[in-house]
There are 2 protein chains.
Amino acid sequence: MTDRLSLIFAALADPTRRAILARLAEGEATVTELAEPFDISLPAISRHLKVLESAGLISRSRSAQWRSSRLEAGPLREATAWMERYSRFWDDNFTRLDAHLKRLQEEKP
Amino acid sequence: MTDRLSLIFAALADPTRRAILARLAEGEATVTELAEPFDISLPAISRHLKVLESAGLISRSRSAQWRSSRLEAGPLREATAWMERYSRFWDDNFTRLDAHLKRLQEEKP
DNA sequence: ATCGTACTTAACCAAGCCGTTAATTAACGG
DNA sequence: CCGTTAATTAACGGCTTGGTTAAGTACGAT
């Protein structure tokens, strides 16, 4: 589970982390600001941020005692690129056509 | 972690499961067929399939003693839709413009 | 020097994940 | 009925995750 894509998907698998990303889409924020909407401890948030950071989904900077996080959407593009390999299955019409072709092919031999 | 999106992302966070999906993109397959490329036991594969199924990423049917799996890409579309909310951050130019606008706005007050 | 604020690290715990082997279920074929 | 093949379920072990509280670090302000 050490590959990049796995890290990204695993990071996105937690609703708290997705909410943090949503918040960061509105602009940078400090840890306490990010923690505010949630009913969990600061250390917990701190670790969520670490997970997001090691997935490359955020970058962090510090000024004085504040550490502010910033959304980095590159990994999201990566993940989307991976999923797009399957986009041809999204379209119901295509799926039906595909199934039809497959059926035809199986009738041959 | 019971929400749909979390299930989907968690399912995708495993390379074996992603490989299974890739295989299924080429057509339906039985459990042993799916297991073949991997160096792990059949029960392990069986459980991966259960994870994929409860995320809605595959559907399963049986004929005689064979259970064949079929790719269901709907959840992938869902996941992509979620990520697309951030697509404006993917484009570097936009990001720079966005940062610029934000700076301007912060200069005002 | 010390206090307060912002945050991280450490130590711990319960629950979940991913793998194993062994046992079980299910269906077909002689 | 019996044996074989396909797959799942059960029981277990080790590692990870997501949370906790308590202690530590880093910086600014007084």
Side-chain angles (χ1 to χ4, degrees), chain A residues 1-24 27-71 75, chain B residues 1-24 27-71 75:
Chain A
M1 226 274 265
T2 186
D3 66 297
R4 182 152 186 72
L5 222 33
S6 297
L7 279 182
I8 297 168
F9 283 128
L12 295 177
D14 185 283
T16 304
R17 287 194 290 263
R18 288 200 307 278
I20 289 176
L21 292 180
R23 166 64 187 78
L24 289 177
E28 303 197 8
T30 66
V31 180
T32 30
E33 281 167 358
L34 290 173
E36 196 271 326
F38 302 104
D39 198 23
I40 61 180
S41 67
L42 215 55
I45 297 290
S46 196
R47 285 224 288 238
H48 280 307
L49 292 175
K50 193 180 268 184
V51 171
L52 289 169
E53 187 179 22
S54 52
L57 285 158
I58 64 170
S59 62
R60 316 182 71 186
S61 61
R62 67 185 306 163
S63 85
Q65 64 266 69
W66 292 277
R67 274 148 226 229
S68 88
S69 299
R70 167 208 198 82
L71 181 62
Chain B
M1 224 273 266
T2 184
D3 66 296
R4 183 153 185 71
L5 222 33
S6 296
L7 280 181
I8 297 167
F9 283 128
L12 295 176
D14 186 283
T16 303
R17 286 194 290 263
R18 288 200 306 279
I20 288 175
L21 292 180
R23 167 63 188 78
L24 289 177
E28 303 197 9
T30 67
V31 179
T32 29
E33 280 167 1
L34 290 172
E36 196 270 325
F38 303 103
D39 199 22
I40 62 181
S41 67
L42 215 54
I45 298 290
S46 197
R47 286 227 284 242
H48 279 307
L49 293 176
K50 192 181 269 182
V51 172
L52 289 170
E53 187 178 22
S54 51
L57 284 158
I58 64 171
S59 62
R60 317 182 71 186
S61 60
R62 67 186 304 165
S63 85
Q65 64 267 69
W66 293 276
R67 275 148 226 226
S68 89
S69 299
R70 168 207 197 82
L71 181 61

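Naming: A, B, ... by sequence-line order, numbering from 1 per chain. Note that the structure is a prediction, hence the values are computed from the model and not measured.
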The criterion is side chain to side chain contact (heavy atoms under 4.5 Å, CB included); which residues satisfy it with R62(B), sequence neighbours excluded? R67(B)

What residues, two or more places apart in sequence or in another chain, satisfy side chain to side chain contact (heavy atoms under 4.5 Å, CB included) together with E33(A)? R23(A), A29(A), T30(A)

Selection: residues 41-50 of chain B, any non-hydrogen atom under 4.0 Å of DNA chain C: S41(B), P43(B), A44(B), R47(B), H48(B)

When you measure from every atom of DNA chain C, which of residues 60-67 of chain B have a heavy atom less than 4.0 Å away? R62(B), A64(B), Q65(B)

Could you tell me which non-hydrogen atom of [X] sits nearest to which non-hydrogen atom of [Y], and how far apart they are?
| X | Y | result |
| --- | --- | --- |
| R18(A) | A13(A) | NH1-C, 3.7 Å |
| F38(A) | I20(A) | CE1-CG1, 4.0 Å |
| I8(B) | L57(B) | O-CD1, 4.4 Å |

What's the [atom1]-[atom2] distance between [X] and [N], to the nearest Å?
| X | N | atom1 | atom2 | value |
| --- | --- | --- | --- | --- |
| I58(B) | dA7(D) | CD1 | P | 12 Å |
| L34(A) | dC7(C) | CG | C1' | 12 Å |
| L12(B) | dC18(C) | CG | P | 12 Å |
| L52(B) | dC18(C) | CG | C1' | 14 Å |
| E33(A) | dC7(C) | CD | C1' | 13 Å |

Salt bridge (charged side-chain N to carboxylate O under 4.0 Å, His left out) against R4(B), all qualifying residues, sequence neighbours excluded: E78(B)

Hey, does L24(B) have a side-chain heavy atom less than 4.5 Å from the side chain of L34(B)? yes

Answer whether the closest heavy-atom distance between the side chains of L21(A) and I58(A) falls below 4.5 Å. yes

N or O in side chain of T32(A) less than 4.0 angstrom from dC7(C) OP1/OP2: yes

Please tell me which of V31(B) and T16(A) maps to the more 5' nucleotide of DNA chain D, matching each residue to the nucleotide holding its nearest heavy atom. V31(B)

Name every donor-acceptor pair, under 3.5 Å, that has one atom in a side chain of residues 48-55 of chain B and the other anywhere in the protein, sequence neighbours excluded.
unit_1, atom_1, unit_2, atom_2, d
H48(B), ND1, R17(B), NH1, 3.1
S54(B), OG, K50(B), O, 3.0
S54(B), OG, V51(B), O, 3.2

Write down the partner of dG30(C) under the Watson-Crick or G-U wobble criteria, each distance required to be under 3.5 Å. dC1(D)

